[in-house]
Trainee: 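Let me begin by handing over the structure; questions about it come next.
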Amino acid sequence: MAYDPYGYQTDHEERPPESSAANAALAGVSTVLCLGGALLYGCLCTGLLIVSPPEGENTAVELAGIWHILMAPVWILVFIALWTVGLHSLAKRWWTSAGPNVLTGGGCGCVTWVVMLFVWAALSVALKG
């Protein structure tokens with residue numbers, strides 16, 4: 001039988017893809033940058049609200065709503081980091097850290113932020129009523 005370079009006519013099991021150090025480094029750097037950016041931005045927004053709260057009589061519920069609106073990018077960055085780890089652990093390909101993670105993480109982060117905004121709005125109405 002002739003040599004089959006693509007492995008279509010072989011009795012051997014398919015080997016898992018070999019992962020290089022560059023693939024792991026790309027996933028690791030992407031995850032660290034997303035989580036670091038989320039932490040830095042979250043700390044800055046929280047510190048800003050503590051140091052300089054909005055003027056007027058604001059209740060804790062109103063301040064929580066302002067904080068939640070300011071924290072929208074944090075949800076997105078955290079979900080991008082989680083999807084980067086998840087996709088890289090499953091596929092071990094370089095492109096899982098440079099595309100699908102951003103799309104799925106951004107989408108999941110936005111959806112989660114909107115759901116939490118509705119939860120906050122319902123809680124706000126329940127506490128005021």
Side-chain angles (χ1 to χ4, degrees):
M1 183 156 132
Y3 173 70
D4 181 18
Y6 301 107
Y8 291 118
Q9 299 170 350
T10 182
D11 295 332
H12 303 293
E13 291 183 20
E14 181 182 349
R15 290 186 301 165
E18 294 181 19
S19 181
S20 68
N23 287 345
L26 180 62
V29 167
S30 175
T31 302
V32 167
L33 286 177
C34 285
L35 289 177
L39 182 66
L40 178 66
Y41 183 82
C43 289
L44 288 175
C45 287
T46 304
L48 178 67
L49 280 177
I50 290 171
V51 172
S52 176
E55 295 179 5
E57 291 187 25
N58 295 318
T59 64
V61 174
E62 290 172 350
L63 286 176
I66 293 169
W67 181 79
H68 179 68
I69 291 170
L70 288 174
M71 298 297 283
V74 171
W75 289 91
I76 296 169
L77 288 172
V78 167
F79 273 95
I80 288 173
L82 291 175
W83 274 97
T84 300
V85 170
L87 288 173
H88 185 71
S89 65
L90 291 175
K92 294 189 180 9
R93 302 279 191 225
W94 70 268
W95 49 266
T96 58
S97 302
N101 64 331
V102 176
L103 295 176
T104 54
C108 289
C110 289
V111 167
T112 305
W113 182 82
V114 169
V115 167
M116 293 305 293
L117 184 65
F118 285 135
V119 168
W120 170 82
L123 184 66
S124 175
V125 169
L127 289 177
K128 284 188 178 183

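Below, all heavy atoms of this structure are taken into account, side chains as well, without hydrogens, waters or symmetry copies. No experiment lies behind these values; they were computed from the predicted model shown.
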Trainee: Residues two or more places apart in sequence or in another chain: which of them pass side chain to side chain donor-acceptor pair (under 3.5 Å) with Ser97?
Mentor: none
Trainee: Do the side chains of Phe79 and Ile69 join up, straight or via other hydrophobic residues, at under 4.5 Å, putting them in one cluster?
Mentor: yes
Trainee: Output every pair passing salt bridge (Lys or Arg N to Asp or Glu O under 4.0 Å) with a member in residues 31-52, not counting sequence neighbours, ordered by first then second residue.
Mentor: none
Trainee: According to the salt bridge (Lys or Arg N to Asp or Glu O under 4.0 Å) rule, which pairs have a member within residues 114-128, sequence neighbours left out?
Mentor: Glu62-Lys128
Trainee: What are the two closest heavy atoms between Pro54 and Ile66, and how far apart are they?
Mentor: CG-CD1, 3.7 Å
Trainee: What pairs meet the salt bridge (Lys or Arg N to Asp or Glu O under 4.0 Å) rule with one or both residues in residues 94-113, with sequence neighbours excluded?
Mentor: none
Trainee: Can you list everything that forms a side chain to side chain contact (heavy atoms under 4.5 Å, CB included) with Leu35? Sequence neighbours excluded, please.
Mentor: Thr31, Val78, Ala81
Trainee: Show me, pair by pair, the donor-acceptor contacts under 3.5 angstrom made by side chains of residues 38-47, not counting sequence neighbours?
Mentor:
residue, atom, partner, partner atom, Å
Tyr41, OH, Leu70, O, 3.0
Thr46, OG1, Gly42, O, 2.8
Thr46, OG1, Trp67, NE1, 3.0

Trainee: Show which side-chain atoms of residues 110-124 pair as donor or acceptor with protein atoms under 3.5 Å away, not counting sequence neighbours.
Mentor:
residue, atom, partner, partner atom, Å
Thr112, OG1, Cys108, O, 2.7
Trp113, NE1, His68, O, 2.9
Trp113, NE1, His68, NE2, 3.3
Trp120, NE1, Val61, O, 2.9

Trainee: Which pairs pass side chain to side chain donor-acceptor pair (under 3.5 Å) with one or both residues in residues 73-87, sequence neighbours excluded?
Mentor: Thr84-Asn101
Trainee: Could you tell me whether the side chain of Ser30 and the main chain of Leu26 form a donor-acceptor pair under 3.5 Å?
Mentor: no
Trainee: Is there any salt bridge (Lys or Arg N to Asp or Glu O under 4.0 Å) pair reaching into residues 66-85, and which pairs are they, with sequence neighbours excluded?
Mentor: none
Trainee: In the hydrophobic clustering that connects Ile, Leu, Val, Met, Phe, Trp and Tyr at side-chain heavy-atom distances below 4.5 Å, which members other than Leu77 occupy its cluster, ordered by chain and number?
Mentor: none
Trainee: Taking only residues at least two apart or on different chains, which pairs with a member in residues 48-59 satisfy side chain to side chain donor-acceptor pair (under 3.5 Å)?
Mentor: none
Trainee: Mind checking what makes side chain to side chain contact (heavy atoms under 4.5 Å, CB included) contact with Thr96, not counting sequence neighbours?
Mentor: Leu87, His88, Ala91, Arg93
